[in-house]
Amino acid sequence: MLGSRKGTWWLYGVLTVALVAVVAPFAWMVLGSLKSEGELRQAPPTWWPQSASLDNYTQLFSRLDFGGYFTNSVVVAVVVTAGNLLFCSALGYALAMLDFRGKKALFVVVMTTLMIPGVVTFVPLFVLVANAGLVNTLPGLFLPFLVSPFGVFLMRQFILGLPKDLIDAGRVDGAGELRIFARIILPLCGPALATLGILTFLGSWNNFLWPLVVAQTEDTYTLPVALALYSTGQNSTQYGLLLAGATVVVLPVLIVFMVFQRRFIEGIATTGIK
Amino acid sequence: MLQSLFMSFTDTRSRDLRTPFSVDVVGLENYTRALGDPVFRKAMLNTAYFVVVGVPLTLLVALAAAVALDRGITRLRGVFRLGFYTPVITSIVAVAVVWRFLLETDYGLINTVLGWVGVDGPNWLGDPSWSMPSLILMATWRNFGTGMIIFLAGLQAVPWNLHEAAAIDGASAWQRFRHITLPLMRPTILFVSVTTGIGYLQFFEEPFVLTNGGPLNSTKSMSMYTYEQFGFGNYGYAASISYIIFVLVAVVTAIQFRLLREEK
């Protein structure tokens, strides 16, 4: 070891303080969501709820329609994830293994769109969706995201690493392209598909700008849209309700994250290093 | 994307959705109008503030955390890594709601903790000179985990025997970090600063939920300005603003490539 023992203890101390500071907002959120409005406004604030109750949650699901928003978020995220798994792997396979005219051009298009931020395209995309009559519908929320340039790139890179002999063997045995893709390539893509699936689901669940633009009445709100509009609208000072809403948005993701954390973190690391 | 470029040269408004042929091409008028609007200029300055302070701060925290976890400690590494990464996966809208509560002047947790050490905390979100630092603080908290994970992966590639050799030659920990780790980490730092910079140039949810762009437009970002103009139905104008953001993203990326390459 190059560090001294005392230094190590000191470092543990600093890291622990940092960890508490990073995690505290979440604890505060959950604890706060169980408190009453009056208690939330006490100075100095209380730590544990004086009389913990689920009142805020009951209100969220009865007076406000958080059940409906939750369903919308789930539907959109599931459809977007399924679409990405299918289309990105298919396109990635085509770009990695097949020879066809316009392949280079297609790859250039993918790489260019990879760089374009969402805020740049949302206005013309909205006009497109509006002309198709899909404003304020769930398809309007998920159709533009069924395939992502990032996903195509990720799958292409992964499939490039697979041995080409497998495909040739399949061809010799008389399998068609579709069969080769479904039976040989896809089963080998497990880790890449898992990473893509997790990142896509998460991105869709947390997506804000597009659903904010497209969802115009309550029946198509997703959770972040509903929470943001309530927090800036008439309920802007009802912290109990808002903290409960934030918990509903964050908790499912936290649970999934705890279960799949290894896959998550490896996924992030691989996207960074390439 | 090409359509957005075309739209940015037109006076498309919401009612034109039904009658696309009534749109007039107005040339560069949208762009000159944007640059002449003091609110837009303020939004540009705010965005620059957020990026210029926020990106280095986020990188610094991420790098410090990564170095500490990589070599400083041996036990509980997984716990710290998990904890530091957690904010990244959460919805910005949700955490912004929580932070608005944390930053309350009289009963917020942050001012309470500051009170323990005798500091009279400011009116974070209500004071124009503290509103932007509040947003940057929250963005750093939310985002440094991504950089940390990528730096951790990069640090694995730094050969430890170089450190040992330098230590035998009497190099201090700081000298070794400065002359061995940092140069080898340059590509990784470049990658993280570019991706963080691209994200921060478009920051939107933070002011939307925390401050609604106020007080006195002190936190209005370019994305927020775009969204507002879109909301007013000025689609062509909004498209031209979003194009300005896109060009800025490209320029900032190019500059970062330059800076980090040339230091070699």
Side-chain angles (χ1 to χ4, degrees), chain A residues 2-3 7-8 11-12 14-15 18-19 22-26 28-29 32 40-45 113 115-124 126-128 130-131 202 205-206 208-209 212-213 223-224 227-228 231-232 239 242-243 245-246 249-250 253-254 257 261 264-265 268-269 272-273, chain B residues 1 3-4 7 12 17 65 68 71-73 80-87 89-95 97-102 106-107 109 112 115 141 146 149-150 152-154 163 167 173 188 191-192 198 201-202 204-205 208-209 212 223 226-227 230 235 238-239 242-243 245-246 249:
Chain A
L2 300 173
T8 310
L11 192 60
Y12 270 110
V14 172
L15 283 172
L19 186 67
V22 169
V23 178
F26 295 113
W28 203 240
M29 170 185 80
L40 285 169
R41 282 190 167 56
Q42 278 177 26
T113 44
M115 302 294 201
I116 299 174
V119 69
V120 172
T121 47
F122 89 94
V123 182
F126 178 80
V127 174
L128 212 66
N131 285 333
L202 199 61
W205 186 265
N206 293 338
F208 180 61
L209 180 60
L212 179 69
V213 166
L223 281 175
L227 184 62
S231 76
T232 52
Y239 274 120
L242 293 174
L243 292 176
V249 180
V250 167
V253 170
L254 281 186
F257 174 56
Q261 50 132 330
F264 252 103
I265 287 177
I268 298 299
I273 302 306
Chain B
M1 182 186 165
Q3 197 187 355
S4 87
M7 268 181 78
T12 310
L17 282 182
R71 294 297 180 202
I73 63 171
F80 286 116
R81 194 176 64 164
L82 186 67
F84 290 157
Y85 188 68
T86 305
I89 60 159
T90 56
S91 152
I92 303 184
V93 171
V95 296
V97 165
V98 178
W99 272 74
R100 209 173 75 195
F101 180 56
L102 291 172
D106 296 325
Y107 46 86
L109 182 62
T112 306
W141 169 82
T146 313
I149 296 292
I150 297 174
L152 268 173
H163 273 268
T188 318
F191 175 81
V192 177
I198 291 175
L201 266 172
Q202 308 170 61
F204 174 67
E205 285 104 324
F208 188 94
V209 174
N212 196 21
S223 295
T226 313
Y227 174 75
F230 173 82
Y235 294 171
S242 61
Y243 235 82
I245 300 181
F246 173 63
V249 166

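Just so we're on the same page: letters track the sequence lines, and every chain starts at 1.
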Do [X] and [Y] come within less than 4.5 Å of each other through their side chains, counting heavy atoms only?
X        : Y        : result
B/Arg100 : A/Leu242 : yes
A/Leu254 : B/Ile89  : yes
B/Phe84  : A/Leu15  : yes
B/Trp99  : A/Trp28  : no
B/Phe246 : A/Thr121 : no

Ignoring hydrogens and geometry, is there a side-chain-to-backbone donor-acceptor pair from A/Asn206 to B/Ile92 under 3.5 Å? no
Using non-hydrogen atoms and a 4.5 Å limit, figure out which bit of [X] sits close to chain A: side chain, backbone, both or neither.
X        : answer
B/Val98  : both
B/Val95  : side chain
B/Ala173 : neither
B/Phe208 : both
B/Thr112 : side chain
B/Phe101 : both

Candidate pair B/Val97 and A/Leu227, rule side chain to side chain contact (heavy atoms under 4.5 Å, CB included), full reasoning: CA-CA 8 Å; B/Val97 165; A/Leu227 184 62; 4.0 Å; yes
Note: vs chain A, highest number of non-hydrogen pairs under 4.5 angstrom among B/Leu102, B/Leu152, B/Val192 is B/Leu102
Under a 4.5 Å cutoff for heavy-atom pairs, which residue among A/Val23, A/Val249, A/Leu19, A/Leu209 has the most contacts with chain B? A/Leu19
Can you tell which part of A/Leu40 gets under 4.5 Å to a heavy atom of chain B, answering side chain, backbone, both or neither? both
Of the backbone (N, CA, C, O) and the side chain (C-beta and beyond), which part of A/Leu11 lies under 4.5 Å from a heavy atom of chain B, both, or neither? side chain
Could you check whether the rings of A/Phe126 and B/Phe230 sit parallel, tilted or perpendicular, using 30° and 60° as the cut-offs? perpendicular
